[in-house]
Protein chains: 4
Amino acid sequence: MSAARRGRPPAGPERRDALVSAAYERLAEAGFEGLRLRDVAAAAGIDHSTIHHHFATKQDLVVAVVDHTTRQFWSTTPPDGGPADRLRRHLATLGRKIAEQPELHVVLRELDLRARRDPELRTIIAAREEGWRDSLRTLLAAAAEAGALVTGVTPDTGAELIIATVKGASLTPDRALNVLELLERLLIRA
Amino acid sequence: MSAARRGRPPAGPERRDALVSAAYERLAEAGFEGLRLRDVAAAAGIDHSTIHHHFATKQDLVVAVVDHTTRQFWSTTPPDGGPADRLRRHLATLGRKIAEQPELHVVLRELDLRARRDPELRTIIAAREEGWRDSLRTLLAAAAEAGALVTGVTPDTGAELIIATVKGASLTPDRALNVLELLERLLIRA
Amino acid sequence: MSAARRGRPPAGPERRDALVSAAYERLAEAGFEGLRLRDVAAAAGIDHSTIHHHFATKQDLVVAVVDHTTRQFWSTTPPDGGPADRLRRHLATLGRKIAEQPELHVVLRELDLRARRDPELRTIIAAREEGWRDSLRTLLAAAAEAGALVTGVTPDTGAELIIATVKGASLTPDRALNVLELLERLLIRA
Amino acid sequence: MSAARRGRPPAGPERRDALVSAAYERLAEAGFEGLRLRDVAAAAGIDHSTIHHHFATKQDLVVAVVDHTTRQFWSTTPPDGGPADRLRRHLATLGRKIAEQPELHVVLRELDLRARRDPELRTIIAAREEGWRDSLRTLLAAAAEAGALVTGVTPDTGAELIIATVKGASLTPDRALNVLELLERLLIRA
DNA sequence: CATGAATGAGTATTCATTCAT
DNA sequence: AATGAATGAATACTCATTCAT
């Protein structure tokens, strides 16, 4: 009713989301280095000064993008099944997502680097990653108890290895699926 | 008369190297996002417009930094010994270097991301990485022939897994050593 | 229903006064240079776009502030008594007011300067000042007739001297009282 | 030889002075409220970004203007003669300068107000004014010793009265001369 | 009356690059 | 080679004002 009255200004609250999405896309295309509020506004179809009505500062928009991006990754996590199977599916899902949606993981790597110099982002990203790490540890502990894990792999280092490999694999998306398949075979007993 | 007046301005040709080193350090600290020619010049102790006598454009300096950085990484590669041992030493050396010299690997990740949008850097970096990949493949093929490799690992995917894990591990330097140790145990037969 | 919900939004007509007072205070604190409608609105506890329901333009609000401020100063004038005494009391009152309420006189000086570039303000302020000047002239003429004035002081130049000194003294509020006391002794016969 | 090579860019070091003069003039015309670096640059005939080559920030330029302006006022002070005469000449010179060069004194009043909110300017201006105050006190003390001063005027309050009156008189330049003449007659014994 | 969203002209500042010396 | 002055396009952010609700 109120949206798309004359076709140009979409509406009120969803405008904020449109800005975050546009910023996410610009970040994927151009990196932090090339992230310009003007481009974000243009992509969202609004005047660039209107951005500041929704986000006081560029950093505030970036924080919203971090939230949006890490949340999107989080939805990746698998539901249920046997521990070995769940781990298998988790890695397979990640491998597929990296191949299908490479920008998401590229942006996540961009955020990892930016977080080194930005305490605010560091806090948010560390919290989200900690959630992933915890769920991996739980999964690996269950798999170990079920005797499905290769000997010598503790839940702790196993989780770190998975995190590192997923992150590194996301830098070369077309090879990610194969890499994560091999990792899975190395971790889980035949 | 004016050169080496107080020992500060090194000279003519090594001035170029000083600029590359300064740019590398700025890149490690601030990322591409925060790389300013003025800062680089200041760190090298010269006027910022003098940079253009050594590098026509900022991109030229960046290319030189890429060369400098990837070369530094390359020097990391191990010399000789048995194939399993050489692989072990390679991963151990990398793990140690990441812990000791984290900025080098952070800069390399920065370059990986930048290369996605910059064909010139992509070419250089891909060529250097291809060298690393080749030597890993050779190493893994030798290890496989010696029966030292876990079954199911081909030289191709094994090399990809190592590359991915090393890259991902470099994003959390303090955990890198443990991660690479585990990878090594998973790849090499006891 | 929505008005006076929590006692904060006063009502309809007095809202206008609240805005003028808030603007006066902002002007005292930050000068014309730092006068922002948003700040004024925030200080009055309303949305900044609501200001435009009371004052079509910023200038309109400024005009209202000028009226408010000059009126406040006007109330300063003394009632009655003998001419010399009335003059004495006038200067003493001014000196005290400057010390007690320095912002009022600082704002008046701000207005004097602004009036140089703003014909609308100039007209208003000149009219108000003319009233003060007239009453000073009348007072001085009466004092002269009563023989209470030092020789050589005409009502005209005497009034100008008083006006100039009061204005200048208001720039250093803590010394104003002493300055005006001395002026009084110089003008009035012992 | 180097200046006015093609007529447009005047030269190097005097460019700084040209900017200060231009800023002073803009300040006189538009006040702090209307002081724009773009206008200053345009008045000096250079690109507005070039300003930052000479003054890192707007505040730095303002500080230079304060220095320039207060220095100009200072040069107003009279040389020598008998104490009463020197005081007479000082007030007469000030009265004439205010009438001839009203913008200078308007800018000085602008600075007085700005100094209330700007500690950096406050320090500079207070120091300069203290110099004026001191010289006035010395002058009045000499005049008092010579018996040329009206009874009841101490060097301290006399100096304050002069300062206040000069400041206030500068707000209405065409009446300043008369006001200061009257002040002189009130202070100095016939 | 009141609001929140939107606008657009404007504001200081940044920065790679050019040029004369 | 080196420098300092100059440039101009770009950059985040501001602010009075408008408009639909």
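Quick caveat, the model's predicted, so the values are computed rather than measured. Each chain gets a letter, A, B and so on, in the order the sequences are listed, and its residues count up from 1.
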Requested in this report: Go through the structure and list residues passing salt bridge (charged side-chain N to carboxylate O under 4.0 Å, His left out) with B:Arg128, not counting sequence neighbours.
Outcome: B:Asp67
Report task. Would you please name every residue forming a salt bridge (charged side-chain N to carboxylate O under 4.0 Å, His left out) with D:Asp112, sequence neighbours left out? Result -> D:Arg109, D:Lys167
Report task. Sequence neighbours left out, what pairs pass ring-ring contact (aromatic ring centres under 6.0 Å, His included) with at least one residue falling in residues 13-35 of chain C? Result -> C:Tyr24-C:His68
Report task. Determine which pairs satisfy ring-ring contact (aromatic ring centres under 6.0 Å, His included) with at least one residue from residues 106-127 of chain C, sequence neighbours left out, and list them in order. Result -> none
What is the distance, to the nearest angstrom, from the [atom1] atom on [X] to the [atom2] atom on [N]?
{"X": "D:Ile46", "N": "F:dA5", "atom1": "CD1", "atom2": "P", "value": "12 Å"}
{"X": "C:His48", "N": "F:dC19", "atom1": "NE2", "atom2": "P", "value": "15 Å"}
{"X": "C:Leu61", "N": "F:dC15", "atom1": "CG", "atom2": "P", "value": "15 Å"}
{"X": "C:Glu14", "N": "E:dC1", "atom1": "CD", "atom2": "P", "value": "10 Å"}
{"X": "B:Ile51", "N": "E:dT18", "atom1": "CD1", "atom2": "P", "value": "14 Å"}
{"X": "D:Asp47", "N": "E:dT17", "atom1": "CG", "atom2": "C1'", "value": "13 Å"}
{"X": "A:Gln59", "N": "F:dT11", "atom1": "CD", "atom2": "C1'", "value": "16 Å"}
{"X": "A:Arg15", "N": "F:dC19", "atom1": "CZ", "atom2": "C1'", "value": "14 Å"}

Query raised in the report: Going by the salt bridge (Lys or Arg N to Asp or Glu O under 4.0 Å) test, which pairs reach into residues 42-66 of chain C, not counting sequence neighbours?
Result: none
Query raised in the report: Does any non-hydrogen side-chain atom of D:Glu120 lie less than 4.5 Å from one of D:Val66?
Result: no
Query - Sub-4.5 Å side-chain heavy-atom contact between C:Leu27 and C:Val62 - result: no
Among the candidates [options], find the nucleotide nearest to the side-chain atoms of [X].
{"X": "C:Arg38", "options": "F:dA12, F:dC19, F:dC15", "answer": "F:dC15"}
{"X": "A:His52", "options": "E:dA12, F:dT14, F:dT17", "answer": "F:dT14"}
{"X": "A:His53", "options": "F:dG4, E:dG4, F:dT14", "answer": "E:dG4"}

Query raised in the report: What stems, by residue range, does DNA chain E take part in, given at least 3 consecutive Watson-Crick or G-U pairs under 3.5 Å?
Result: E:2-21 with F:2-21
Requested in this report: Using heavy atoms and a sub-4.0 Å distance, could you list which residues of residues 24-37 of chain C are near DNA chain F? By number, please.
Outcome: C:Leu35, C:Arg36, C:Leu37
Report summary line: Sorted by chain and residue number, the side-chain hydrogen bond (donor to acceptor under 3.5 Å, both in side chains) partners of C:Glu33 (sequence neighbours excluded) come out as D:Arg114, D:Arg117
Report task. Report the residues that fulfil side-chain hydrogen bond (donor to acceptor under 3.5 Å, both in side chains) with D:Arg38, sequence neighbours left out, ordered by chain and then residue number. Result -> none
Report task. Assign each of C:Ser49 and A:Ser49 to its nearest nucleotide of DNA chain F by heavy atoms, then name whichever residue's nucleotide is nearer the 5' end. Result -> A:Ser49
Report task. Let me know, please, whether B:Thr57 or A:Thr50 comes out on the 5' side of the other along DNA chain E by nearest nucleotide. Result -> A:Thr50
Requested in this report: Compare side-chain N and O positions of D:His54 against OP1 and OP2 of F:dG4 and report whether any pair is under 4.0 Å apart.
Outcome: no
